[in-house]
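Predicted model only: the values in this text are computed from it and were never measured. Order of the sequence lines fixes the chain letters, A, B, ..., with proteins taken first and strands second; residue numbering starts at 1 for each chain. We use all heavy atoms of the structure for the numbers below, so side chains are in, but hydrogens, waters and symmetry mates are not.
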Amino acid sequence: MASERYNPKTVESKWRQVWDEKKLFETKNDDPGEKYYVLEMFAYPSGRIHMGHVRNYAMGDVVARYKRAKGFNVLHPMGWDAFGMPAENAAMKNKVHPKEWTYQNIATMREQLKSMGLSIDWSREFATCDVEYYHRQQMLFVDFMAKGLVGRRVSKVNWDPEDQTVLANEQVIDGRGWRSGALVEQRELAQWIFKITNYNQDLLDSLDDLKDWPEKVRLMQKNWIGKSVGLELSFNLTQSLGNISTIETFTTRPDTLAGASFIGIAPEHPIAKQLAQTNQELSDFCVDVRRMGTTAEELETAEKRGFDTGLKVQHPLYPDQTLSVWVANFILMDYGTGAVFGCPAHDQRDYDFAIKYELPIIATFEALDEGTKSEENTAFLPPKSEKVRWINQPTGLDIATGEEAITKTIAWAEENNIGKAKEQFRLRDWGISRQRYWGCPIPVIHCEDCGEVPVPKSDMPVILPEDVDFDKPGNPLDRHPTWRHVDCPACGKKATRETDTMDTFVDSSWYFARFTAPREDNPTDPKVANDWLAVDQYIGGIEHAILHLLYSRFFSRAMCETGHLNVKEPFKGLFTQGMVVHETYKNSEGWITPAEIKIEEEDGKRVATLLEDGSPIIIGNIEKMSKSKKNVVDPDDIIESYGADTARFFMLSDSPPERDVIWTESGVEGTHRFVQRVWRLLSEAHQNMKNITAKPGAKGKALDISIAAHKTVKSIGEDLENLSFNKAVARLYELLNTLANPLTQIGQGKADVELTQATIDAVEKFILMFAPMMPHLAEECWVLLDKKDMVATTKWPDFEESLVTENELTMPVQINGKKKADITVSADASKDDIISATLSLDVVKKFLDGQEPKKIIVVPKRIVNVVI
RNA sequence: GCGGGCAUGGCGGAAUCGGUAGACGCAAGGGACUUAAAAUCCCUCGGCCUUAGGCUGUCCGGGUUCGAGUCCCGGUGCCCGCACCA
């Protein structure tokens, strides 16, 4: 019987329509079922979806559909991270309004995502640039402000004088603006900040509880928060400078104090600033060293530069000695106190500096015997150092180990009132001001009399004006004729609006909470949000391992403090998926897209030629799909030619989900063959399957099929719980290989009744198991089996323990650890039974050659090892 | 510099607790069907050898163990994160 090829195009759109009409994936907040919240990081509406999206959302959809089949009330929403610079760049380049550009992109990408057949509750969709959303974000802002979580800080920014805008560090290339090419200036600008550092200890400690996060991400966050404990130590100036008489330093190595040879202060340090007022040379120096770039390479190669201020401080251990105070380019004002004591014998930077400016190098470990010197502490011991001192002598302390040296020195400093123990964090407060148009307006009004006044909630939302132009550089909100001019809400006097907008990371820091009640007047309905949160499974790229996740963790805490939420950690489970990568192709003209070439095998080598004229193409490295390398594959094309199920299934096959997956044409074809094979086998068999009446029990081959199906249910269940999609896919291939022959027989009308009934059960399980990955195909196959309900509403198959546990098993027999034979024994065979079965084997007899074995190791159900 | 990870056939990868290494897929080779092609089906597929069977094999060198891809020590190579952070 000839069967038609499966046509995904017509089948897939049909089922999507059915799901849609039945509103199968709309989730109710009052559903009594146990909740499960699965979320993929929402998308930036850049224009079109790419394969990375397909992978991300395919994974999330498998989880959503699987959990739904397991009986959970699943929340699986989608939205758009829609504010941000690209919209403004497009506006400048193409004369299109950012709003129009953004919403058009959203419309395109929504349709693309829908063509994937994702089980998303689209009724909860929103974009962060919707007034309804940023209105609530402004409410959160003023609530945070009222709780003291918002601050204002003057900080240094990269200022592009031509574009009249602030640039991020990454946008400064060789000291020039990436767009304008103008020399970037350092400007001090008042910025709005969120006080994330209020929570630094809690953000650090709670990482230990995030057991379902990748260890790697927790570590990255831990390092980012960067707690270090040390000593804040004060040095007395020999002559006070105005009202400054001491210099505060921070060190994690107070035990090296005896080796201190100079004081280094940052160019922005108050002392440096004060001296610079009367010292032109110093002033020039400070400006000059800060012109330096901030990229890794520049820092790597940057030489240490210093300026001797002429000031001296007293050495706390040796009161008759003084240390000179230098302004040094490698000291950072915003870490610690902006001042250090340099100990060249034990620090590479201090050493480089001391060599250059001929400062003393004094080692400090004389008192420790060789055994207790730790490696890292002795890096620059003699002969490089000039003198050797040890902190025990001047302090009278009795210190034997490096560990003790730190704690005892801190205690000594505290007793003598020259310093105190200090916890230092690397984490800084979060500057959220952006001098841009396409973002959430900061709801504050500047009044000459009242200062910074939050916009009352009754006056919200502060709506972005739409009548703006992008002809000139800078922030259009600043140039708008009327928008910024308002009356002060407190005193009624004429005042001006804040024209900065919020960092787009703010928008993405609480969207997961908004999804729980997206049309609520308040930012959240706390009862509903607390029921849904935390997100049980969050899935997204590793690139958000630090900032987005940290900011979201801050926001949850801040929302708890302001009564919007009662869940501190927003993401219970986190999964970071790998990228989609592809071969690159090029010739002398440049990069070539995969669609333009042909690859053939010649003498075992793959040779690429240009389709157009057969000219040779170089096959380059496998790299992340990117427009610049032209190695992108458009999801639309794939879905058009193979269908969404094939695209989804391929994205989940082969590579473990946390690793990169290589997109190959042959791989996709292989996946598509599987789709067609499933359809062909089932459609050939379906007429005869319907005629078979159920008969209980199974033996022989039918039993084998049952066992295979039940085992697969067990293992795929485990695989999906662990998000090991690639393993689940392999199990599905295996099961189909087992089912293929019986199905062919049924198709030919050859099978006996008993065999086919077991097969039908197995086939049903098979369909239900691939359904989360290939939902359209599953529904269509379900119809073939004459099912009246839908796969999408059918529960996940069960397995019978008795069928999964073998009652007879084959154990390998090793002799001296090398496998020599197999024995088949019943599962409850005793050790003695197994041993006698083993000893009766011919191979074993041959090896023993009449001798007694030294030992026989029997691991029940696993292995037998005969030691001779 | 600091911190972390990885290394298995031609390729992607399995091996969940230290117990049969290479599941499953891709690529390749051979065969069947066909006038032919596509599609499909069957077989082979780590290496070496006298092909029943044997030896060898998970980056390299040691070690622990009856038994190591898996654990420990020491290397090599690649990848990632952070970084004048005191």
Side-chain angles (χ1 to χ4, degrees), chain A residues 5 214-224 226 228 230-231 249-254 256 264 266 292 294 296 298-300 302-304 328-332 334-343 346-350 352-353 376 379 424-427 542-543 545-546 601 604-606 650 653-656 659-662 664-671 673-674 676-677 680 715 718-719 722 724 726-737 740-741 744 810-822 853-859 861-868:
Chain A
R5 272 177 77 80
E215 186 58 40
K216 179 190 167 119
V217 174
R218 290 197 285 173
L219 204 73
M220 281 163 76
Q221 294 228 343
K222 191 180 166 199
N223 291 337
W224 188 263
S228 49
L231 174 67
T249 63
F250 175 73
T251 179
T252 55
R253 293 291 310 280
T256 62
M292 190 185 75
T294 48
E298 283 173 299
L299 292 176
E300 194 85 25
E303 89 181 293
K304 306 281 172 284
N329 63 341
F330 63 91
I331 313 289
L332 305 173
D334 51 5
Y335 186 78
T337 57
V340 300
F341 69 79
C343 178
H346 302 280
D347 182 281
Q348 181 69 53
R349 285 166 326 178
D350 296 347
D352 295 345
F353 192 78
E376 68 270 25
Q424 182 66 44
F425 290 85
R426 210 189 74 103
L427 183 67
I542 186 75
E543 66 273 19
I546 297 177
E601 191 112 0
K605 272 190 167 180
R606 296 170 68 243
F650 178 66
S653 309
D654 289 351
S655 289
R659 257 186 252 179
D660 291 351
V661 63
I662 305 170
T664 62
E665 195 65 21
S666 57
V668 181
E669 275 164 14
T671 304
R673 270 203 294 278
F674 178 79
Q676 291 294 350
R677 190 171 170 222
R680 193 179 55 247
S715 52
E718 289 164 1
D719 290 338
N722 294 327
S724 300
N726 58 322
K727 293 189 214 168
V729 167
R731 299 286 91 82
L732 287 170
Y733 271 103
E734 266 175 354
L735 183 57
L736 184 65
N737 288 344
N741 246 319
T744 306
T810 305
M811 290 170 70
V813 174
Q814 296 182 331
I815 293 171
N816 289 338
K818 298 265 179 212
K819 192 206 162 190
K820 295 292 174 188
D822 288 311
K854 276 191 196 143
K855 206 184 204 181
I856 300 181
I857 288 140
V858 178
V859 184
K861 296 179 186 179
R862 288 235 180 238
I863 206 163
V864 185
N865 191 9
V866 182
V867 185
I868 299 173

For the [atom1] atoms, the ones on [N] and on [M], what distance do you get once it is rounded to whole angstrom?
| N | M | atom1 | value |
| --- | --- | --- | --- |
| B:U8 | B:A68 | C1' | 14 Å |
| B:G46 | B:G25 | P | 15 Å |
| B:G53 | B:G62 | P | 33 Å |
| B:C33 | B:U40 | C1' | 9 Å |
| B:U50 | B:C43 | P | 28 Å |
| B:G77 | B:A23 | C1' | 28 Å |
| B:G57 | B:G81 | C1' | 35 Å |
| B:G67 | B:C6 | C1' | 26 Å |

Over all heavy atoms of both residues, which pair between [X] and [Y] is shortest? Give the atoms and the distance, please.
| X | Y | value |
| --- | --- | --- |
| A:G336 | A:F250 | CA-CB, 4.2 Å |
| A:W224 | A:R426 | CE3-NH2, 2.8 Å |
| A:F330 | A:F353 | CE2-CD1, 3.4 Å |
| A:D350 | A:F341 | OD2-O, 4.1 Å |
| A:A266 | A:L332 | CB-C, 4.0 Å |

Nearest-angstrom distance from the residue atom [atom1] of [X] to [atom2] of [N]:
| X | N | atom1 | atom2 | value |
| --- | --- | --- | --- | --- |
| A:N865 | B:G67 | CG | C1' | 6 Å |
| A:D334 | B:A86 | CG | C1' | 13 Å |
| A:R349 | B:C85 | CZ | P | 4 Å |
| A:Y335 | B:C82 | OH | P | 17 Å |
| A:E215 | B:G81 | CD | C1' | 14 Å |
| A:R673 | B:C24 | CZ | P | 16 Å |
| A:Q221 | B:C82 | CD | P | 12 Å |
| A:D347 | B:C85 | CG | C1' | 11 Å |

With A:Q424 via side-chain hydrogen bond (donor to acceptor under 3.5 Å, both in side chains) - residues at least two apart
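A:Q424: no side-chain hydrogen bond (donor to acceptor under 3.5 Å, both in side chains) contacts found.
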
Please work out if [X] contacts a base, only the sugar-phosphate, or nothing of the nucleic acid, heavy-atom cut-off 4.0 Å.
| X | value |
| --- | --- |
| A:G670 | sugar-phosphate |
| A:S653 | nothing |
| A:D352 | nothing |
| A:V340 | base |
| A:Q676 | nothing |
| A:I856 | nothing |

Might you list the N or O atoms of the protein lying below 3.5 Å from N or O atoms in nucleotides 2-6 of chain B, with each pair's distance?
none

Using heavy-atom distances to pick each residue's nearest nucleotide on RNA chain B, tell me which of A:T337 and A:Y733 is more 5'.
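Looking at the nearest nucleotide for each, A:Y733 comes out on the 5' side.
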
Closest nucleotide of RNA chain B for A:D719 versus for A:M220: which of these residues is on the 5' side?
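Residue closer to the 5' terminus by nearest nucleotide: A:D719.
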
Which side-chain N or O atoms in residues 811-819 of chain A pair as donor and acceptor under 3.5 Å with protein atoms at least two apart or in another chain?
from, atom 1, to, atom 2, distance (Å)
A:N816, OD1, A:I868, N, 3.0

Where the side chain of [X] meets the backbone of [Y], is there a donor-acceptor pair that is under 3.5 Å apart?
| X | Y | value |
| --- | --- | --- |
| A:N722 | A:E718 | yes |
| A:S655 | A:D660 | yes |
| A:D719 | A:S724 | no |

Footprint string (nucleotides 42-47 of chain B, 5' to 3'): B base within contact, S backbone only, - free, heavy atoms under 4.0 Å
------

Determine, stepwise, if the pair A:V217 / A:I542 fulfils side chain to side chain contact (heavy atoms under 4.5 Å, CB included).
CA-CA 8 Å; A:V217 174; A:I542 186 75; 3.9 Å; yes

Residue A:I546, side-chain atoms from C-beta onward, closest of B:A86, B:G81, B:C24:
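Between B:A86, B:G81, B:C24, the one nearest the side chain of A:I546 would be B:G81.
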
Taking atom CG of A:L427 and atom CD of A:Q221, what is their separation to the nearest 0.5 Å?
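Spacing of CG (A:L427) from CD (A:Q221) equals 9.5 Å.
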
Roughly how far, to the nearest 0.5 Å, is CD of A:E669 from CD of A:Q676?
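Those atoms lie 12.0 Å apart.
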
Presence of A:K820 side-chain N/O under 4.0 Å of B:C55 phosphate oxygens OP1/OP2
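Looking at the OP1 and OP2 atoms of B:C55, one of them is under 4.0 Å from a side-chain N or O of A:K820.
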
Are OP1 or OP2 of B:A39 and a side-chain N or O of A:R680 less than 4.0 angstrom apart?
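The answer is no; no side-chain N or O of A:R680 sits under 4.0 Å from OP1 or OP2.
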
Heteroatom pairs (N/O) under 3.5 angstrom, protein to nucleotides 20-23 of chain B:
from, atom 1, to, atom 2, distance (Å)
B:U20, O2, A:K819, NZ, 3.0
B:A23, O2', A:E734, OE2, 2.3
B:A23, N3, A:R731, NH2, 3.4

Is the glycosidic angle of B:G31 within 90° of 0, making it syn, or outside that range, making it anti?
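Anti.
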
Which glycosidic conformation, syn or anti, is assigned to B:C17 if syn requires a torsion within 90° of zero?
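B:C17: syn.
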
For the residue pair A:F674 and A:Y733, does the interplanar ring angle fall in the parallel (under 30°), tilted (30 to 60°) or perpendicular (over 60°) class?
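Correct class here is tilted.
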
I'd like to check A:V340 versus A:T251 (side-chain heavy atoms, cut-off strictly below 4.5 Å). Are they in contact?
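They are not in side-chain contact.
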
Can you tell if the side chain of A:V729 reaches within under 4.5 Å of the side chain of A:F650, non-hydrogen atoms only?
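Side chain of A:V729 against side chain of A:F650, heavy atoms only: no contact under 4.5 Å found.
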
Taking N and O atoms by type only, does the side chain of A:K854 place a donor or acceptor under 3.5 Å from a partner on the base of B:C66?
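No.
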
How far apart are the C-alpha atoms of A:V661 and A:D654, what are their side-chain angles, what is the distance that settles it, and do they pass the side chain to side chain contact (heavy atoms under 4.5 Å, CB included) test?
CA-CA 8 Å; A:V661 63; A:D654 289 351; 5.6 Å; no

When Watson-Crick pairs (N1 to N3 and N6-O4 or O6-N4) and G-U wobble pairs (N1-O2 and O6-N3) count only below 3.5 Å on both distances, what is the dot-bracket string of RNA chain B, with | for other-strand pairs?
(((((((..(((......[....))).(((((.......))))).((((...))))..(((((..]....))))))))))))....

